[in-house]
Amino acid sequence: MALGDLMTSRFSQLSLAVSNHVMDGNGSNGDYLEDAASADMASQRRDFDTASTSSYANAVASTATVPTTMAYLPQTIVLCELRHAAFEAFTPTGPSDSGLVSKWRPKDRMKTGCVALVLCLNISVDPPDVIKISPCARMECWIDPFSMAPQKALETIGKNLRDQYERWQPKARCKVELDPTVDEVKKLCNTCRRYAKSERVLFHYNGHGVPKPTTNGEIWLFNKSYTQYIPLPISDIDSWLRTPSIYVFDCSAAGMIVNAFIELLDSGTSSYPGSARDCILLAACEAHETLPQSAEFPADVFTSCLTTPIKMALRWFCTRSLLHESLDCSLIDKIPGRQNDRKTLLGELNWIFTAVTDTIAWNVLPHELFRRLFRQDLLVASLFRNFLLAERIMRSANCSPVSYPMLPPTHQHHMWDAWDMAAEICLSQLPALVEDPNAEFQPSPFFTEQLTAFEVWLDHGSEHKKPPEQLPIVLQVLLSQCHRFRALVLLGRFLDMGPWAVDLALSVGIFPYVLKLLQTTTPELRQILVFIWTKILALDKSCQVDLVKDGGHVYFIRFLNSVEAYPEQRAMAAFVLAVIVDGHRRGQEACIEAGLIHVCLKHLHSSMQNDVETEPLFLQWLCLCLGKLWEDFTEAQIIGLQADAPAICTPLLSEPQPEVRASAVFALATLLDIGFDSFRDGVGGDEECDDDEKTRAEIIVIIKSLLNIVSDGSPLVRAEVAVALARFAFGHKQHLKSIAAAYWKPQSNSLLSSLPSLANINGTGSGNIVSSQIGPLIRVGNDNSSVVRDGRVSTSSPLATAGVMHGSPLSDDSSQHSDSGILNDGISNGLIRHSRSKPLDNAMYSQCVPAMCTLAKDPSPRIATLGRRVLSIIGIEQVTKSVKSAGSSSARPGEPTTSSATPSFAGLARSSSWFDMNGGHLPLTFRTPPVSPPRQNFLTGMRRVCSLEFRPHLMNSPDSGLADPLLGSSSGVSERSLLPQSTIYNFSCGHFSKPLLTASDDSEELLAIREERERFALERIAKCQHSSVSKLNNNSQIASWDTRFETGTRTALLQPFSPIVIAADESERIRVWNYEEATVLNGFDNHDFPENGISKLCLLNELDESLLLVASGDGNIRIWKDYTVRGKQKLVTAFSSIQGHKPGMRSLSTVVDWQQQSGYLYASGEISSVMLWDLDKEQLINSIPSSSDCSVSALASSQVHAGQFAAGFVDGSVRLYDVRTPDMLVCATRPHTQQVERVVGIGFQPGLDQGKIVSASQAGDIQFLDIRNQRDTYLTIDAHRGSLTALAVHRHAPIIASGSAKQLIKVFSLEGEQLGIIRYQHTFMAQKIGSVSCLTFHPYQVLLAAGAADACVSIYADDNSQTR
């Protein structure tokens, strides 16, 4: 199976499993929708839901007794993607190039440049402290010294040893000293160090012909005439060889030298300070041991293990194996092949030996030590691998080799069994191969078996289990063509387990191998290599340098451009390329040379041309890759603009996936270069840029397209728009400042004329400041005085955390109470006109300023902060002042009056406009500043207390773009670094560091919860439908809760699966209460600057992990998760649901309703249409004309039929809409005819009948309508005369409730029979009892929650519910 198929089958199996779940459609068991594919499946879900409803209705007609309620349990789940996890809470970080990730890199690759071999054999003369046995070990370097003349033997042994070392490090210079004197050794050491420079020197000492080393750590050499042994202290050798060095001591009691050396390092008397030393020692035995003398070993068994490991290992194994009778040991010297040719027997044995020893070291050593000894220097790595063999062999002869740094014991590691088996299989073929050189050699199954073991680990292992032992073997296998593909696929599966796995693989040394593989052209490896590189780069960005150096980027561009690859995999290639160019100029240049811009644009263009839906991930990464290419790189931007990039990217701004839209905004934003303006402002013209009309036209295209999505439903997208506008504002700040200053001038209906006492300010030359106790000042001017300084809040202050922006002519919330400011018309534009760069056009700029204001009061705190930073760039900034008590207004001249708000004015200021207040309650005081040079007058508006205000504000230095002097600085570069940064790239990288091949583990758990809830819901629905409702009255009250809301309860909601009620008030405070335990679970503010109260609470995903949708009166929607846990609530998303309202409207008493089946949110208010939001796409997908001049006062969506909703209007009319029909409006009727008053409540009757509606008007009548029979209402209940305030219709039980301003709640059946009446009791405190403000039923039980103006929430149950 080709890898592409393999990988894609994994991807497709995942989504296939999901789609099967969805299409099963028989209700409760398998319909859970996994997160992974929820986006792709949205459209199928909707079609399916719509299709299922009609067939379902027929089914019910035929089997009325069985309550099949599939249509009631929607399968749609919204807002549970990665982007909703913590948008507000943290800023994502992309791939890192420091920390955990770069530890795997070898600090500095090293080479052993010189090898000094010192042999003290003195053949035929035994040293005095050795008594030899007979027969005795005699072989030195596989030569019997007594088989020839002593001198010749000595020279041959020296030559052999040199050859053995050169096989491991061919480029190192080897120098041999045979039976030398101290002077010769000193000369040798100095020569080696001089030659090796800063490379490592190896010092090998064979002391078989001299006494053991002394306890002081001296080795023995000879005098010139060989009559004496001369000691040489190790400290001397150390001072000659210096660092870095490696010593091999092959003599008895070699551990003495190691001990002395460690003492030398500890005492710090060596020629280098301890920290700077890089010395490695290998010694043949412990301080108290002598070398083995058994004739089965060579005399230099330690050296033989280190330099000829295969020969030594096989000889030792042969005597212990079952083969030892049938196999002649001399054949071992005739093993055919070369060590570095893996297709031969000797090569394969060497390869397996390397894999086994590497694996043992990797599994036993700490990773830091492993990297230092096994990955830094080829010769050191080989010696240490072979040292593990020496330990195994010599321990069998009661001899323990030692090393510094010390290694844990490895001689009993179970991987040696695998080596023995591989050796046996190879040796069993040896006689046949030696006899017939043409006989075919059978490769060992070692690697296949080890890969199988690795695969087994992948099936059962995890981060919390022991890491897979076979990782180093997988690395070795990559060298072989026959196993490479399987090894790469398994490696890909391993890397997919998480960043910890990538880190393990990198620290085992995978990097150079996969880098080299990018030079292969094998087509079946391409997809898995792209996957592996995706995983590596998602963890470690620093690899971008290596990739560009080796030309690896070309491989990925070619793959990105290949049509046969799957879009998910091409998205990975685009990701890899994006990381390569991220902040890496050399990478950007290399990719531009290779034509990456045109490749990306070509694929974006073709995806827009074809009707086939392109993989969103692919579009997203094409955009991000382009954005990273263009980022801060002018040449690339010019290429992009010439290639018509804006026109190609703009259509993506309406894609259904928020990630794609945000990425497209990011790409377009990087084309708005800010480079030239900040450097040349006021210096010279921008001929080469601004004269290019095409470039200017393209910039206008970009800005216009960005302004269109300034109110996108996804905060992810709006955050990118804010960052883009900040870049634009920075580049064009001078032109924008003038527009912004003019924008704050009041219109002709200004209050100047209506306030005679203030009018005289207009003419005064001294620039008076108008002040009042309600003190936010909005000023325009070149402020050099402390006056304005003190009155301002920097954007980092607590007051700046939520953006409420007042005073713009287009401001659309209750800040309009305080709309008009006072501005001296004598403002001079002289200060503004010092920018020489040619502006785009004023119309463009004047569209930008309101858009920036919109962002500054975004419902999402994070975006509001970004919006305020944008405004500060164009010189508009926040000022907050608070109420000062009326008596103490004697402020010193020249200082604004600031003081904390006093309770007496706080409530007053909140509810009334400044005009009313200043009409009589508060004295107006005027102050003049000290005499100063004439300057412009200031614009002053007296605004709401403690609200956040903005003011145009020009700074001292004409060029600096940020309004805060702490932020503004004279140098353009540091200013640029203060611009808000885009987060979509870092956020998107997170996708690739998560597992891509396996579904998340928690889905089974969620599925179980879902099934349990469905079962519960179905049981309760059946009970609601089939049991008669008994009376509801005052005795039915099961709980009552004093919410302590100062303004009374505005709206309430009952949780379906837990005894929890949620209530909210006018000042947007939300409280959560458990009514069984009577405990408050949580309380929080919907946002910091409440204005309109909360108009509606809805539950999203109620059958899964539910989210709380909070709709404010101004149309802002905020959705919270974890809202029942104290202090843990998180804002999932926030957006403004009402758009296109008339400027200057005071408040939009917004009405909304949520429909889970379709994932739609319907919203309307004092506008002429109903907004239809798709919360899955987080997009406004339709604006349905309401076909009425009046505004909508009540909305209800059908819980059975997706896409259907009813609206009640202020004039008493009712309309039914169905978004699935072409003209949307199904029918209109006017049931409330006695007195024409607004429709207060509307709802669909329970059951599957799509035309039956209940509507209640303020006049007090409740009308029952059947829309299919349009003549008139079939039932009217005159419930409350002229005072109806609330209506609730149960979702499944045949019961409705209405509340009145006269503290009454009446409960009716669908036939109009009154089932009960609930009167609010006077408490003994005799508090004022307010009217009933909200009623809500539990979705699956007959429970009614009622909230009133006295802040009390009561819950009533019928007898059946109480007995349950």
Side-chain angles (χ1 to χ4, degrees), residues 15 18-19 21-23 25 31-52 73-85 87 613-617 619-620 652-664 709 711-718 860 987 991 1003 1006 1010 1098-1109 1111 1117-1121 1131-1137 1152-1163 1170-1184 1197-1199 1201-1205 1219-1220:
S15 42
V18 177
S19 55
H21 273 319
V22 178
M23 303 312 282
D31 306 339
Y32 178 67
L33 188 70
E34 289 175 33
D35 295 3
S38 59
D40 321 338
M41 303 306 305
S43 53
Q44 284 187 36
R45 270 175 299 186
R46 293 202 181 120
D47 305 343
F48 168 53
D49 282 343
T50 6
S52 65
L73 302 181
Q75 307 306 317
T76 320
I77 302 174
V78 294
L79 303 178
C80 52
E81 304 289 323
L82 182 67
R83 65 179 178 269
H84 302 117
F87 174 79
E613 193 182 335
T614 314
E615 169 65 34
L617 193 68
L619 295 178
Q620 180 183 345
L652 293 166
L653 299 178
S654 52
E655 280 292 294
Q657 294 77 20
E659 290 87 349
V660 177
R661 302 199 296 272
S663 307
I709 54 164
S711 301
D712 190 273
S714 170
L716 201 63
V717 180
R718 299 197 305 276
S860 154
F987 161 79
H991 170 78
S1003 52
L1006 295 173
R1010 165 92 191 191
C1098 304
L1099 272 194
L1100 275 54
N1101 310 339
E1102 64 179 36
L1103 291 161
D1104 301 276
E1105 287 183 40
S1106 63
L1107 303 172
L1108 179 66
L1109 181 146
I1117 304 288
R1118 292 176 177 80
I1119 296 174
W1120 298 87
K1121 69 175 193 180
L1131 189 59
V1132 174
T1133 185
F1135 62 97
S1136 173
S1137 66
V1152 304
D1153 204 15
W1154 161 247
Q1155 192 172 49
Q1156 186 77 42
Q1157 281 90 333
S1158 56
Y1160 290 159
L1161 178 77
Y1162 305 96
V1170 178
M1171 301 285 181
L1172 172 56
W1173 291 87
D1174 184 326
L1175 287 199
D1176 191 48
K1177 301 172 178 171
E1178 295 183 61
Q1179 204 172 22
L1180 177 65
I1181 55 168
N1182 213 327
S1183 175
I1184 304 162
S1197 61
S1198 165
Q1199 294 305 316
H1201 303 286
Q1204 202 174 59
F1205 69 97
V1219 300
R1220 298 167 297 182

Verdict with reasoning, I1119 to L1175, per side-chain contact (heavy atoms from CB on, under 4.5 Å): CA-CA 11 Å; I1119 296 174; L1175 287 199; 3.9 Å; yes
How long is the straight-line distance from [atom2] of [Y] back to [atom1] of [X], given to the nearest 0.5 Å?
X     : Y     : atom1 : atom2 : result
L1180 : S1137 : CG    : OG    : 9.5 Å
R1010 : N1101 : CZ    : CG    : 9.0 Å
L1107 : I77   : CG    : CD1   : 10.0 Å
L1100 : C80   : CG    : SG    : 10.5 Å
S711  : F1135 : OG    : CZ    : 11.5 Å

Nearest non-hydrogen partners of [X] and [Y], listed with the distance:
X     : Y     : value
A1111 : I1117 : CB-CD1, 3.7 Å
V660  : P616  : CG2-O, 3.4 Å
A662  : L716  : CB-O, 3.9 Å
R1118 : A1134 : CG-CB, 3.9 Å
D1153 : S1197 : OD2-N, 2.8 Å
S1198 : Q1157 : O-OE1, 4.3 Å

Is the backbone N or O of [Y] less than 3.5 Å from a side-chain atom of [X], with the two atoms forming a donor-acceptor pair by type?
X     : Y     : value
Q1156 : Q1199 : no
R1220 : Q1204 : no
E659  : L617  : no
W1173 : A1163 : no

If you define the side chain from C-beta out and look only at heavy atoms, does anything of [X] sit under 4.5 Å from [Y]?
X     : Y     : answer
Y1162 : V1152 : no
L1109 : L1161 : yes
I1181 : V1219 : no
V1170 : F1205 : yes
L73   : L1103 : yes
I1184 : L1172 : yes
T1133 : R83   : no
E1178 : R661  : yes

side-chain contact (heavy atoms from CB on, under 4.5 Å) evaluation trace for W1120 with V1132: CA-CA 5 Å; W1120 298 87; V1132 174; 5.9 Å; no
With E655 via salt bridge (charged side-chain N to carboxylate O under 4.0 Å, His left out) - residues at least two apart: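 E655 satisfies salt bridge (charged side-chain N to carboxylate O under 4.0 Å, His left out) with no other residue.
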Ion pair check, R718 and D712, cut-off under 4.0 Å: no
side-chain hydrogen bond (donor to acceptor under 3.5 Å, both in side chains) against S654, all qualifying residues, sequence neighbours excluded: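 Checked S654 against side-chain hydrogen bond (donor to acceptor under 3.5 Å, both in side chains); zero matches.
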From CA spacing to verdict: side-chain contact (heavy atoms from CB on, under 4.5 Å), Q620, S663: CA-CA 6 Å; Q620 180 183 345; S663 307; 3.1 Å; yes
Verdict with supporting geometry, L79 and K1121, side-chain contact (heavy atoms from CB on, under 4.5 Å): CA-CA 10 Å; L79 303 178; K1121 69 175 193 180; over 6 Å; no
